[in-house]
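Please read all numbers here as calculations on a predicted model, not as lab measurements.
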Amino acid sequence: MSPVPGGPPPRRIVVMRHAETVDNAARIWQGHRDSALSDRGVEQVAAAAPHVAAYGPVVIVSSDLRRAVSTAKAVSALTGLPLRLDERLREVHVGEWQGMHVDDVHERYPELVAALDRGEDVRKGVSGETRQDVAARAGAALREVADGLAAGETALVVAHGVSARVGVSDLVGLDQDVSDRIFRGLDNCHWIELVEAGKSFSATARWRIAGWNLGPWTA
């Protein structure tokens with residue numbers, strides 16, 4: 001479908017979460033911690049990469065954290081495209097929680113966890129980032145990717161659970177509180193499909209969410 005009736009083919013951005021890491025499996029808060037993929041994560045990448053490569057991306061942009069780079073490299077190997085790294089796509093910085101087990105965080109920081117459960121945009125781990133902090137940087141990175149696409153071209157962006165969701169919400173103009181309420185987090189090695197499209201009666205195209213939490217196990 002063209003973004004405008006009779007117009008050029010739409011641009012597309014696929015925003016993918018990295019594969020499972022050893023810290024994911026152990027329920028450890030990662031943030032900017034540079035953890036490696038688990039054995040299951042390696043299997044996830046092998047299963048997902050051909051599906052993502054089939055979108056025919058012309059550019060691959062990844063967070064510079066190892067778990068995202070390892071995931072992106074699998075698609076890069078299939079497409080022959082180089083990786084472009086962008087630290088703005090990093091996961092939310094979780095401050096004092098980095099490297100801590102989820103249960104320990106609940107025990108030691110109950111008031112902060114309760115504030116997050118209420119939907120308040122407080123800093124993760126006391127000294128970490130807010131959701132809006134991440135939305136600003138990840139959204140800017142996605143807009144830069146979008147601006148570099150010609151009609152009909154697709155980009156692959158490999159990011160993280162929080163940075164992918166809030167960055168996409170920022171790009172499409174979705175209120176972050178609403179996004180937090182209606183969208184579940186991305187599973188490892190799943191992705192969001194964004195398409196620049198208009199309405200049948202409109203000459204204005206905008207970025208829209210065409211698919212959420214897509215994966216080779218659901219495609």
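- Listed by first and then second residue, the salt bridge (Lys or Arg N to Asp or Glu O under 4.0 Å) pairs that reach into residues 135-146 are Arg88-Glu144, Glu129-Arg137, Arg143-Asp170, sequence neighbours excluded.
- At a threshold of 4.5 Å between non-hydrogen side-chain atoms, the residues Arg84 and Ile60 do not count as touching.
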Could you go through the side-chain contact (heavy atoms from CB on, under 4.5 Å) check for Arg17 and Asn188 one step at a time? CA-CA 6 Å; Arg17 185 188 177 195; Asn188 290 116; 3.3 Å; yes
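- In this structure, Ile28 CD1 and Trp97 CH2 are separated by 14.0 Å, a value rounded to the nearest 0.5 Å.
- Pairs engaging residues 113-159 under the ring pair (Phe, Tyr, Trp, His ring centres under 6.0 Å) rule: none recorded [sequence neighbours left out].
- Atom CD of Gln44 and atom NE2 of His190 lie 8.0 Å apart (nearest 0.5 Å).
- If you chain together hydrophobic residues whose side chains sit under 4.5 Å apart, Val42 and Val75 never meet in one group.
- Between Phe183 and Ile192 there is no side-chain heavy-atom pair separated by less than 4.5 Å.
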In sequence, state the C-alpha distance, the side-chain angles, and the governing distance for Arg33 and Asp23, and then conclude on side-chain contact (heavy atoms from CB on, under 4.5 Å). CA-CA 9 Å; Arg33 179 177 160 111; Asp23 281 347; 2.6 Å; yes
Report the C-alpha distance between Thr21 and Ser38 in whole Å, list the side-chain angles of each, state the deciding distance to 0.1 Å, and finish with yes or no for side-chain contact (heavy atoms from CB on, under 4.5 Å). CA-CA 5 Å; Thr21 68; Ser38 65; 5.9 Å; no
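- Atom CG in Leu186 sits 10.0 Å away from atom NE2 in His18 (nearest 0.5 Å).
- Here the CD-CD distance, from Glu20 to Glu43, works out to 9.5 Å after rounding to the nearest 0.5 Å.
- Listed by chain and number, the residues in a side-chain hydrogen bond (donor to acceptor under 3.5 Å, both in side chains) with Asp64 are Arg90 (sequence neighbours excluded).
- No chain of hydrophobic side-chain contacts below 4.5 Å, direct or via other Ile, Leu, Val, Met, Phe, Trp or Tyr residues, connects Ile209 to Val166.
- Between Pro50 and Leu78, some side-chain heavy-atom pair lies under the 4.5 Å cut-off.
- Sorted by first and then second residue, the salt bridge (Lys or Arg N to Asp or Glu O under 4.0 Å) pairs with a member in residues 65-81 form an empty list; sequence neighbours excluded.
- Counting heavy atoms from C-beta on, the side chains of Lys124 and Leu116 come closer than 4.5 Å.
- The stretch residues 92-111 participates, sequence neighbours left out, in these salt bridge (Lys or Arg N to Asp or Glu O under 4.0 Å) pairs: Arg27-Asp103.
- The side-chain hydrogen bond (donor to acceptor under 3.5 Å, both in side chains) check on Glu193 picks up Arg12, Tyr55, with sequence neighbours excluded.
- Listed here is the closest heavy atom pair of Val61 and Val59: CG2-CG2, 4.0 Å.
- The line from CG of Asp133 to OG of Ser163 is 13.0 Å long, rounded to the nearest 0.5 Å.
- Within the 3.5 Å criterion, the main-chain N or O of Gln132 finds a donor-acceptor partner in the side chain of Asp121.
- Cluster membership check: Leu142 shares its hydrophobic cluster with Val172, using side-chain heavy-atom separations under 4.5 Å among Ile, Leu, Val, Met, Phe, Trp and Tyr.
- Residue Val162 is grouped with residue Met100 when hydrophobic side chains (ILVMFWY) are merged at heavy-atom distances under 4.5 angstrom, including chains of intermediate members.
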With a cut-off of 3.5 Å and sequence neighbours excluded, list every side-chain donor-acceptor pair involving residues 146-159.
residue : atom : partner : partner atom : Å
Glu153  : OE1  : Ala150  : N            : 2.8

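- By the side-chain hydrogen bond (donor to acceptor under 3.5 Å, both in side chains) test, Ser169 pairs with Ser179, sequence neighbours left out.
- Taking both residues in full, the closest heavy atoms of Val22 and Ser35 are given as CG2-CB, 4.4 Å, listed atom of the first, atom of the second, then distance.
- The ring pair (Phe, Tyr, Trp, His ring centres under 6.0 Å) check on Trp207 picks up nothing, with sequence neighbours excluded.
- Every pair passing salt bridge (Lys or Arg N to Asp or Glu O under 4.0 Å) that includes a residue from residues 177-186 is listed here, sequence neighbours excluded: Arg131-Asp177, Arg131-Asp180, Arg165-Asp180, Arg184-Asp187.
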For Ser62 and Leu89: C-alpha separation, side-chain torsions, deciding distance, then whether side-chain contact (heavy atoms from CB on, under 4.5 Å) applies. CA-CA 7 Å; Ser62 173; Leu89 296 168; 5.8 Å; no
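- Heavy atoms only, all atoms of each residue included: Gly31 and Leu65 are closest at O-CD1, 3.8 Å.
- His106 NE2: 12 or fewer foreign heavy atoms inside a 6.0 Å radius.
- Side-chain contact between Ile13 and Glu196 is absent, with no heavy-atom pair separated by less than 4.5 Å.
- Note on residues 60-94: pairs passing ring pair (Phe, Tyr, Trp, His ring centres under 6.0 Å), not counting sequence neighbours, are His32-His93.
- The cluster map of Ile, Leu, Val, Met, Phe, Trp and Tyr, joined by side-chain heavy atoms under 4.5 Å apart, puts Val145 and Leu171 in the same cluster.
- Put simply, the side chain of Pro57 does not reach to within 4.5 Å of the side chain of Val14, judged on heavy atoms.
- The local environment of CG in Asp39 is sparse, with at most 12 non-hydrogen atoms from other residues, nucleotides or ligands closer than 6.0 Å.
- Once rounded to the nearest 0.5 Å, the distance linking CH2 of Trp191 with OG1 of Thr71 reads 12.0 Å.
- The closest side-chain heavy-atom distance from Val52 to Met16 is below 4.5 Å.
- Annotation: side-chain hydrogen bond (donor to acceptor under 3.5 Å, both in side chains) contacts of Ser63 (sequence neighbours excluded): His160.
- Ala19 approaches Gly41 most closely through the heavy-atom pair CB-O, 3.3 Å.
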